[in-house]
Amino acid sequence: MHTEKPNLVLDVGGVLLTNITPVFWEEAAELLKVPYTTLRSLYKDQVRQQLWDGTIREEEFWVWLQQQSSNENVGLSNVHVTKHLQPLPAWDKLKEWSECFQIHLLSNHRAEWIVPVLEPISEYITSMTISSTVGCSKPDPSIFQLVQEQLPGSQPVVFVDDAEQNLAMGKAIGWTTILADADHQWIDEVKLHIQEMK
């Protein structure tokens, strides 16, 4: 008799790939000749939510970024988000984990940026929910509901994220949660769940 696997829901930034903050913003601030803290503050106030929710197009974000410089000729052509998306240690665990879990990705990100980078591990992924394509972002309950609807059966869910507020929402809907720490000790917690299932 076929038994469905439990579900492992993973964030992307800070879990599978490096976050674009702060390195991307440091690079942009240097090129634009704008203080890092000023640029980050403007971003949070003016475009962050719209960027992740997909309310604005990627091209509009780059136009906004260009406008933060007093130099109209400043070039951003060498600023590429994807070069800041480097695999973290969990990347190499996905094949192994896919034998024990159905793996789902839940990310506040732009699909244009992360989908191509995730291509090499796509065969291990059951579903992928990216904020820019679904119109809402964590910790909005709506995006968790979208993921919940894709989870087969009544198997347990283990959710890994590097933000406490996102874990709180996962816990509220009955998921087991693991905080992705900077030292990647959380990987051992996933291993413990695997051992418990055996």
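For the single chain, residues carry numbers from 1 onward in sequence order. Just so we're clear, the structure is a prediction, and the values are computed from it rather than from any experiment.
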Rounded to the nearest 0.5 Å, how far does [atom2] of [Y] lie from [atom1] of [X]?
{"X": "Ile130", "Y": "His109", "atom1": "CD1", "atom2": "NE2", "value": "9.0 Å"}
{"X": "Thr129", "Y": "Gln145", "atom1": "OG1", "atom2": "CD", "value": "11.5 Å"}
{"X": "Leu32", "Y": "Gln68", "atom1": "CG", "atom2": "CD", "value": "8.0 Å"}
{"X": "Leu42", "Y": "Gln67", "atom1": "CG", "atom2": "CD", "value": "11.5 Å"}
{"X": "Leu51", "Y": "Ser131", "atom1": "CG", "atom2": "OG", "value": "8.0 Å"}
{"X": "Thr21", "Y": "His84", "atom1": "OG1", "atom2": "NE2", "value": "10.0 Å"}

Would a 4.5 Å heavy-atom cut-off, applied to side chains only, mark [X] and [Y] as touching?
{"X": "Leu118", "Y": "Ile125", "result": "no"}
{"X": "Ser132", "Y": "Glu112", "result": "yes"}
{"X": "Arg110", "Y": "Val81", "result": "no"}
{"X": "Asp162", "Y": "Trp186", "result": "no"}
{"X": "Gln49", "Y": "Ser137", "result": "yes"}
{"X": "Ile194", "Y": "Phe101", "result": "yes"}
{"X": "Gln195", "Y": "Leu192", "result": "yes"}
{"X": "Lys83", "Y": "Glu27", "result": "yes"}

Worked check of side-chain contact (heavy atoms from CB on, under 4.5 Å) between Leu151 and Gln148: CA-CA 5 Å; Leu151 304 181; Gln148 186 73 46; 4.1 Å; yes
Does any donor atom in the side chain of [X] or [Y] lie under 3.5 Å from an acceptor atom in the other side chain?
{"X": "Asp140", "Y": "Ser142", "answer": "yes"}
{"X": "Asn108", "Y": "Asn166", "answer": "no"}
{"X": "Glu58", "Y": "Trp62", "answer": "yes"}

Are [Y] and [X] co-members of a hydrophobic cluster defined by side-chain heavy atoms under 4.5 Å apart?
{"X": "Val23", "Y": "Leu85", "value": "no"}
{"X": "Met169", "Y": "Trp52", "value": "no"}
{"X": "Ile187", "Y": "Ile103", "value": "yes"}
{"X": "Val12", "Y": "Val147", "value": "no"}
{"X": "Leu146", "Y": "Val160", "value": "no"}

Residue pairs passing the ring-ring contact (aromatic ring centres under 6.0 Å, His included) test where at least one lies in residues 120-154, sequence neighbours excluded: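 Residue pairs with at least one partner in residues 120-154: Phe144-Phe159, Phe144-Trp175.
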Of all the heavy-atom pairs spanning [X] and [Y], show the shortest one and how long it is.
{"X": "Ile143", "Y": "Cys136", "answer": "CD1-O, 3.2 Å"}
{"X": "Pro6", "Y": "Cys100", "answer": "CD-O, 3.5 Å"}
{"X": "Gly14", "Y": "Ala180", "answer": "O-CB, 3.9 Å"}

Step-by-step side-chain contact (heavy atoms from CB on, under 4.5 Å) determination, Leu16 to Ser107: CA-CA 10 Å; Leu16 292 178; Ser107 180; over 6 Å; no
Pairs meeting criterion side chain to side chain donor-acceptor pair (under 3.5 Å) with involvement of residues 85-106, two or more places apart: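 Counting only pairs at least two positions apart or across chains, the side chain to side chain donor-acceptor pair (under 3.5 Å) contacts touching residues 85-106 are Asn7-His104, His104-Ser127.
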Whether Asp161 side chain and Ala163 backbone form a donor-acceptor pair below 3.5 Å: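 Side chain of Asp161 to backbone of Ala163: a pair is present.
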Check: Asp183 side chain, Gln185 main-chain N or O, donor-acceptor pair, under 3.5 Å: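 Between the backbone of Gln185 and the side chain of Asp183 there is no qualifying donor-acceptor contact (under 3.5 Å).
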Ile173 vs Val157, side-chain contact (heavy atoms from CB on, under 4.5 Å): CA-CA, chis, key distance, verdict: CA-CA 10 Å; Ile173 59 175; Val157 181; over 6 Å; no
Parallel, tilted or perpendicular: rings of Trp64 and Phe61 (30°, 60°):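 Correct class here is parallel.
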Residue pair Arg40, Thr37: steps toward the side-chain contact (heavy atoms from CB on, under 4.5 Å) verdict: CA-CA 5 Å; Arg40 288 285 295 157; Thr37 52; 5.8 Å; no
Matching residue for Met128 among Leu105, Ile114, Thr133 - test: side-chain contact (heavy atoms from CB on, under 4.5 Å):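 Option passing the side-chain contact (heavy atoms from CB on, under 4.5 Å) with Met128: Leu105.
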Neighbour count >12 (heavy atoms, 6.0 Å) for atom CD, Glu60: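 Enclosed: over 12 neighbouring heavy atoms sit under 6.0 Å from CD of Glu60.
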